[in-house]
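First up is the structure itself, then whatever we jot down about it.
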Amino acid sequence: MRAPIVVAGASMAGLRAAEQLRAAGWDGAITLVGDEPHMPYNRPPLSKEVLAGKAPFESLAFRPRAGVADVTWRLNTRVANADLDRRVVELDDGETLSYGGLVVATGMRPRRLRCPGPLAGRHTVRTLADAQGLREALTRPAARVVVVGAGFIGCEVAATAVALGAAEVTVVDPLALPMVGPLGELLAGALLKRHQERGVRFALGTGVSGFQGDGQVTGVVLADGTVLAADVVVESVGSVANTEWLDGNGLDLTDGVLTDEHLRVGGRPDVVAVGDVARFPNARYDGVPRRVEHWSIPTDTAKHAARVLTGKDDGLAPFAPLPTFWSDQHDFRLQSFGAPVLGKDDVRVLDGDLDGDVVAGYHAGGRLVGVVALGGRAAAAAAARYRAELLKQPALTA
């Protein structure tokens with residue numbers, strides 16, 4: 001009997017890994033281990049539809065493919081550590097599982113602020129429980145909301161809080177513009193204007209030094225001494241990779257799990273990483289290993305990694321996905337294809353204008369490496385037309 005494949009992590013990436021293992025011909029045992037009590041579900045709606053009360057949990061749950069009906073699920077269970085030389089993982093209840101192949105799919109958790117002050121009233125958005133708790137807080141009358149972090153989640157939560165009727169919504173970020181990291185200054189400036197027009201306030205160029213309140217947050221103290229009154233605080237200050245269970249195996253875990261161009265971990269043919277915990281070189285671009293926290297990555301990585309883990313990788317080209325993301329905020333959408341972050345120094349308007357529907361092109365070495373649309377459906381459709389052009393682009397030189 002062949003040793004089973006263990007998938008550490010039972011979110012979208014873990015589910016897709018199991019499905020793709022079956023699609024690649026693996027008919028042996030598969031065990032998925034996940035620390036949440038739920039079957040895998042779709043996370044992007046947590047900061048939007050779920051928070052707004054427009055989507056119940058039942059609508060988020062993925063429907064597993066028929067091929068994984070015989071998979072063993074170990075939910076509400078955490079992988080505590082692993083010995084890759086012995087091919088064993090230990091669970092938090094002390095049980096050990098031997099494996100023939102291991103899929104690292106443990107994902108991320110929210111980073112938390114280390115500031116003095118009370119904890120009550122401070123929220124993150126990563127799990128269903130997080131979203132449910134935050135929704136209850138946001139629906140209290142005349143809530144004053146402070147969102148710390150102007151990235152994807154921060155901007156989405158701010159937009160949802162405004163729609164729910166919060167009395168005040170203020171976004172705090174040490175950078176000068178919201179989402180300037182992934183978007184660059186041109187579109188980030190347009191994004192700022194749209195949020196402000198819809199009632200979101202911003203405190204940019206400053207951080208948080210502490211929280212006020214006796215047991216419950218009542219104020220947020222900024223680095224410049226300003227105090228923002230707050231009934232609800234949302235911390236959206238980045239993510240931390242869930243990799244501690246892999247300590248002691250000689251792996252590079254400085255930012256997620258470093259893999260090679262075929263998603264193999266530590267040069268081992270029996271261990272692969274998938275989803276946003278994987279830090280992989282993308283052969284489509286410059287070959288620099290990076291983590292990518294986009295919705296398309298779990299499926300893309302799972303498909304490639306399954307072929308590698310099952311030995312179906314003869315002639316398999318290095319992993320070269322085209323990252324895709326979208327973000328719904330207020331009544332508009334951000335839609336992206338490619339890697340805009342690599343072309344932030346050369347951004348050009350391709351369609352429309354910054355005051356309406358706009359599509360911006362991101363260039364590196366004179367080549368189009370990413371497109372981002374900001375606006376309604378017409379802008380998103382225009383961006384999609386550039387997808388074929390991006391797929392044709394040759395790899396960038398390192």
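Since the structure is predicted, the reported quantities are computational estimates derived from the model, not experimental observations.
Of the charged side-chain nitrogens involved, at least one lies within less than 4.0 Å of a carboxylate oxygen, so that D93 and R74 count as a salt-bridged pair. Between R22 and D70 there is a salt bridge, since at least one side-chain N of the basic residue sits less than 4.0 Å from a carboxylate O of the acidic one. Ion pairing of D85 with R268 is present here, as a side-chain N (NZ or NE/NH1/NH2) and a carboxylate O approach within less than 4.0 Å. Between E19 and R16 there is a salt bridge, since at least one side-chain N of the basic residue sits less than 4.0 Å from a carboxylate O of the acidic one. Salt bridge annotation for E36-R78: absent, with no cationic side-chain nitrogen under 4.0 angstrom from a carboxylate oxygen. Using a 4.0 Å cut-off between charged nitrogen and carboxylate oxygen, R348 and D346 count as a salt-bridge pair. Between R264 and D260 there is a salt bridge, since at least one side-chain N of the basic residue sits less than 4.0 Å from a carboxylate O of the acidic one. Between R333 and D328 there is a salt bridge, with a side-chain nitrogen of the basic residue lying less than 4.0 Å from a carboxylate oxygen of the acidic one. For the pair D286 and R367, the salt-bridge criterion is not met [side-chain N within less than 4.0 Å of a carboxylate O].
Donor-acceptor pairing under 3.5 Å is lacking for the side chains of H123 and E235. A donor-acceptor contact closer than 3.5 angstrom links the side chains of Y386 and D351. If you check the side chains of S327 and E156, you find a donor sitting under 3.5 Å from an acceptor. Remark: the W245 side chain and the T106 side chain contain an N/O donor-acceptor pair separated by less than 3.5 Å.
Smallest separation of non-hydrogen atoms from Y285 and A339: OH-N, 3.5 Å.
With sequence neighbours excluded, the residues that form a side-chain contact (heavy atoms from CB on, under 4.5 Å) with R279 are D252, T254, D255, L258, P289, R291.
Within 6.0 Å of CZ on R201 lie no more than 12 heavy atoms contributed by other residues, nucleotides or ligands. For E244, the CD atom counts as densely surrounded, since its 6.0 Å shell holds more than 12 non-hydrogen atoms of other residues, nucleotides or ligands. Within a 6.0 Å radius of CZ in R387, no more than 12 heavy atoms belonging to other residues, nucleotides or ligands are found. Residue D224 places its CG atom among more than 12 non-hydrogen atoms of other residues, nucleotides or ligands, all under 6.0 Å distant.
Classification of the H38-Y41 ring pair by plane angle, with boundaries at 30° and 60°, yields perpendicular.
With Y362 as the partner, the side chain to side chain contact (heavy atoms under 4.5 Å, CB included) test is satisfied by one option alone out of V371, L342, V372: V372.
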- Kindly indicate, with the supporting measurements, whether the criterion ring pair (Phe, Tyr, Trp, His ring centres under 6.0 Å) is fulfilled by F337 and F325. CA-CA 7 Å; F337 299 96; F325 76 76; 9.1 Å; no

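With a 6.0 Å cutoff to the six-membered ring centre and a 45° limit on the axis angle, R86 does not count as a cation-pi contact of Y99.
Linking Ile, Leu, Val, Met, Phe, Trp and Tyr whenever their side-chain heavy atoms come within less than 4.5 Å puts L177 and V200 in one cluster.
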